[in-house]
Amino acid sequence: MSLLDLAPVIPVVVIDDVRTAVPVARALVAGGLPVIEVTLRTDCALEAIGRIAAEVPEAVIGAGTIRTSDDIAGSLEAGAKFLVSPGTTLSLVEALESSGVPFLPGAATASEVMALAERGLKELKFFPAEAAGGVAYLKSLAGPLPDVRFCPTGGIRASSVPDYLALPNVGCVGGSWLTPADALAAGDWGRVEKLAADAAGLG
Ligand SMILES: O=C(O)C(=O)C[C@H](O)[C@H](O)COP(=O)(O)O
């Protein structure tokens, strides 16, 4: 099954304190969103992925903000089951293709989408979704490029999710609104679970 079809929403999680990794993952799973992307933006991100992989087996844990082959190696070693990149260079896409796990390469223009589709890659991350043109932009891409499907991410909030999911070329959406920094800092797992449950209900 494709990464885009596992869940309607992929939470994008920034972990500042590694002790929050397991409880936040459990809250997201309890809310009905088992596919979780931890971004490699913080020092403890790889350790967070490792802890979630070891302690929350119901979660499908992946690594986001993949920019280099070193990021890929570290993520796989930590236990990441999928990889997501904000954009795509030639060397990065070659490394992603060699990784052996599902991945969503980032693209934001028709030319970038076409370059990836030429390689047979037709499930992509659309980033930065809202800033690049959002729902209207994806609708336009579906005309000439109907065989490519996306996980739009970047600036998406719960209120815009239904419009994205209604598009034929959108499989799921990603976003950080499910795991607000203040909720993580306060250990408010009930709030995270509620946000996840609300988002899961949109699918
Ligand atoms: O980590 C990555 O791979 C990224 O490229 C970016 C993130 O997916 C977005 O920044 C999340 O967007 P927000 O929901 O607006 O916070």
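Just so you know, ligand 1 is whichever comes first in the structure, and atom 1 is the first atom listed for that ligand.
With a 6.0 Å radius and a threshold of 12 heavy atoms from other residues, nucleotides or ligands, D43 has its CG atom at or below the threshold. Counting non-hydrogen atoms of neighbouring residues, nucleotides and ligands closer than 6.0 angstrom, the CZ atom of R67 reaches no more than 12 such neighbours.
Side-chain N or O atoms of S75 include one that pairs as donor or acceptor with a backbone N or O of D71 at under 3.5 Å. Under a 3.5 Å cut-off, the side chain of T109 and the backbone N or O of E112 do form a donor-acceptor pair. The backbone N or O of E94 sits less than 3.5 Å from a side-chain atom of S98, completing a donor-acceptor pair.
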Please tabulate, line by line, the atom pairs linking an N/O of ligand 1 to a protein N/O at a distance below 3.5 Å, with the distance in Å to 0.1, or answer 'none'.
from, atom 1, to, atom 2, distance (Å)
ligand 1, 1 (O), T65, N, 3.4
ligand 1, 1 (O), T65, OG1, 2.5
ligand 1, 3 (O), T65, N, 2.8
ligand 1, 3 (O), K125, NZ, 3.2
ligand 1, 5 (O), K125, NZ, 3.2
ligand 1, 8 (O), K125, NZ, 2.7
ligand 1, 10 (O), R41, NH2, 2.8
ligand 1, 14 (O), S176, N, 2.9
ligand 1, 14 (O), S176, OG, 3.2
ligand 1, 15 (O), G155, N, 2.6
ligand 1, 16 (O), S176, OG, 2.5

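Side-chain N/O atoms of Y164 and E130 include a donor and acceptor closer than 3.5 Å.
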